[in-house]
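Taking it in order: structure first as structure tokens, then the write-up.
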Amino acid sequence: MADTTTASDVLVDRLVEWGVDTVFGLPGDGINGLMEALRKRHDRISYIHVRHEEVAAMAAVGYAKFTGRLGVCFSTASPGATHMLNGLLDAKLEGAPILAISGMTYSDLIGTSYLQDMNVDYMFNDVAVYNQRIMSPQSVVNVVDYACRTALTERGPAHLAFPIDYQAADAESGQRFQRNVPGHSSTAYRPPVRVPLGSDLEAAAELLRGRTKVAILAGAGARGAGRELEELAERLGAPVVKAMLGKDCIPDDSPYTTGSIALVGTRPSEDALEQCDALVIVGSSMPYIEYYPSPGQAVCVQIDDKPARIGLRHPVDVPLCGDAAATLRALLPLLDRNEDRAFLTQAQEGMKDWWALMEERSTREDMPMKPQVPAWALNEVLDDDAIVCGDSGTVTTWVARQVKVRKDMRFSFSGTNCSMAAGLPYGIGAQAAYPGRQVVVFTGDGSLTMQLGDFLTCVQHRLPVKIVVVKNNTLGLIKWEQMVFLGNPEYGVNMAPLDFVKFAEACGAMGVHVEKPGECVDAMRAAMAYDGPAIIEVATDPHEPPMPAKVKKAQVTKLFDALKAGTPNRNTIALQMVKDVLDESSFDASPGGLIPDSFAKVASSVAGAATRRSRKHDDHDDEPGA
């Protein structure tokens, strides 16, 4: 077999021709033919050995998101393939081009209830943009080329099921049909860069002419178009509202942006969309429809390179199908300058107060430490070109509002799939792609413990990923969703604590524990300087609410119902929220901005004392029926 070129050899060689330099996976008897091909080519393609196949797929997503190139993952047959499924779903919903290869039982035993006999290709039908079973060694080149091309074009996951016997078979074994002529497929690919028709661009310029309250909503599709976005904002006098997946499309310190929107958003972003008379959507299909301008309020131009996305969330007057940067470059010369700067100035003044409020929330000395504190401290230790990977949970709020992405930084998280436990795999993918850049994962203890075993992947492959884990021993976001959205008491969200420092040290890495606000920056700086992976465990207040920028009456009513119905620690929660609002009464951007400052200072002192007394009671004393 040493001199035989196998079907797996052909597949891996073809991946190299497609520019693939890294694959993420876990070996098994259902994929060992592919493993041998990877072994023989280890000098040309790097193999990252993960502990769980979901991490392999998620790492491929992270790799693809941060590079724009094809991410590749693999697994053994049925059990391993099922583990990859959520990663492929993530790729589909997040728009990441990846190729997943799964093993499959022997071709002549499929359908006989043999070991691990499962039609894995059927399972991936709903998540893959291309999904095929390799039918013979001679079909490898054709389907690999088509799978890679489709994944890159559609920005989604492609999947190939590879039967065990074909993996190790001679590449020329079996019968080749006469019309399957070798050499008629290609790895040549250039991403399409569309620009709308000139008449459409003129129509968009005409629609925006004379509008004095223009808002721009930018998403993931606007990444790479930062210069053009800021030119558009300057020309139209328009604030740039960023969907979370577009957090890094322009830096957070840009004078044009009002930051994020929706539940993790800013008050100036909500104001901009509530008050605008024109909306320009650039590369976004942000799903929270209730935050868009009301129907009939604003005319709308939408730029997207996927025509099916245009008009998905908001009525559109002029659709512009094209690449964000190229379309903006063509549109800008046609636009009149809006000389009325009042709308932009209002947004900029609002952001000054918003950042002051964020600093107030993030520099408090309260104990237990507020979760905003470590997120804010992170700004002091991030490199100018750092890659930050977020996660799902209340940590999304803290990273959205407290972490300031600068010009050359990159950020992403599972923003549409909203999968927990994506932060660490994204970090593995990012660090594998950029070994010389600082990669930081900002996550919660709920998410991290789901895939904690793959911290060993960082250790084994010397990937110096730094993990900041917000430790509050609860599924915080789920807890608040139960109370605020449904009016139900929190239930089933508490978790047994884990000592992340001891775990990191047991893995042969660095672990740091932080519980005092004043220790955050120094502890993080020491961890960032460590030559290897590290976990920074920050112990935080489990009762700190992810307060929306504007509190709605229905939310208050539901929360009151939940507390009244017997939410554990309800006294502490209620008093803490009252104290937070009173402390912020001097900030216009805060929900407490309408409270007289003199009254607030006295009331805050009283609430603070009551909160400290309440915390002394054992949690069990506050359980329903106690």
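Values below: all heavy atoms of this structure, side chains included; hydrogens, waters and symmetry mates excluded.
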Which atom of [X] lies closest to which atom of [Y], heavy atoms considered:
| X | Y | value |
| --- | --- | --- |
| Gly71 | Tyr63 | CA-CD2, 3.9 Å |
| Lys404 | Met409 | O-SD, 3.9 Å |
| Asp200 | Pro196 | CB-CB, 4.4 Å |
| Lys558 | Phe485 | CE-O, 3.9 Å |
| Phe343 | Ala272 | CZ-O, 3.5 Å |
| Gly87 | Val61 | O-CG2, 3.6 Å |

Out of curiosity, [X] [atom1] to [Y] [atom2], how far, rounded to the nearest 0.5 Å?
| X | Y | atom1 | atom2 | answer |
| --- | --- | --- | --- | --- |
| Gln302 | Leu320 | CD | CG | 9.5 Å |
| Ile261 | Lys242 | CD1 | NZ | 12.5 Å |
| Arg337 | Glu339 | CZ | CD | 4.5 Å |
| His159 | Asn125 | NE2 | CG | 10.0 Å |
| Arg211 | Asp340 | CZ | CG | 13.5 Å |
| Lys407 | Asp384 | NZ | CG | 11.0 Å |

Can you tell me if [X] has over 12 outside heavy atoms packed within less than 6.0 Å of its [atom1]?
| X | atom1 | value |
| --- | --- | --- |
| Asp126 | CG | no |
| Lys552 | NZ | yes |
| Tyr146 | OH | no |
| Arg341 | CZ | yes |
| Tyr288 | OH | no |
| Lys213 | NZ | no |

What do the steps show when you test Val403 against Asn379 for side chain to side chain contact (heavy atoms under 4.5 Å, CB included), and what is the final call? CA-CA 6 Å; Val403 175; Asn379 294 311; 4.0 Å; yes
Hey, does [Y] have a side-chain heavy atom less than 4.5 Å from the side chain of [X]?
| X | Y | value |
| --- | --- | --- |
| Glu544 | Arg364 | yes |
| Tyr189 | Thr153 | yes |
| Ile281 | Ile303 | no |
| Asp90 | Tyr426 | yes |
| Trp18 | Asp145 | yes |
| Lys479 | Met483 | yes |
| Cys148 | Leu15 | yes |
| Arg406 | Leu382 | yes |

When you check the side-chain N and O atoms of Asn86 and Glu54, is any donor under 3.5 Å from an acceptor?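 On atom types as modelled, these side chains qualify, holding a pair under 3.5 Å.
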For [Y], is there any backbone N or O sitting under 3.5 Å from a side-chain donor or acceptor partner on [X]?
| X | Y | answer |
| --- | --- | --- |
| Ser260 | Val264 | yes |
| Arg267 | Gly350 | no |
| Gln348 | Pro255 | yes |
| Thr396 | Gly393 | yes |
| Gln297 | Glu274 | yes |
| Lys466 | Pro464 | yes |
| Gln438 | Asp385 | no |
| Ser392 | Ser419 | yes |
| Tyr434 | Phe66 | yes |
| Gln431 | Arg437 | yes |

Derivation of the side chain to side chain contact (heavy atoms under 4.5 Å, CB included) call for Met528 and Asp383: CA-CA 10 Å; Met528 298 299 165; Asp383 291 347; over 6 Å; no
Pairing of [X] and [Y] as salt bridge, 4.0 angstrom limit:
| X | Y | result |
| --- | --- | --- |
| Arg227 | Glu231 | yes |
| Asp248 | Arg223 | yes |
| Asp336 | Arg209 | yes |

Matching residue for [X] among [options] - test: side chain to side chain contact (heavy atoms under 4.5 Å, CB included):
| X | options | value |
| --- | --- | --- |
| Phe442 | Val470, Val538, Asp391 | Val470 |
| Tyr291 | Leu217, Val241, Leu263 | Leu263 |
| Leu208 | Leu232, Val318, Leu334, Leu236 | Leu236 |

Chi angles and distances behind the side chain to side chain contact (heavy atoms under 4.5 Å, CB included) call for Asp353, Glu349: CA-CA 7 Å; Asp353 194 68; Glu349 291 300 314; over 6 Å; no
Kindly determine whether Lys247 and Asp252 satisfy side chain to side chain contact (heavy atoms under 4.5 Å, CB included), including the steps that lead there. CA-CA 8 Å; Lys247 181 175 174 65; Asp252 283 318; 2.9 Å; yes
Which pairs with one or both residues in residues 306-320 pass side-chain hydrogen bond (donor to acceptor under 3.5 Å, both in side chains), sequence neighbours excluded?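 Applying side-chain hydrogen bond (donor to acceptor under 3.5 Å, both in side chains) to every pair that reaches into residues 306-320, excluding sequence neighbours, yields Ser285-Arg309.
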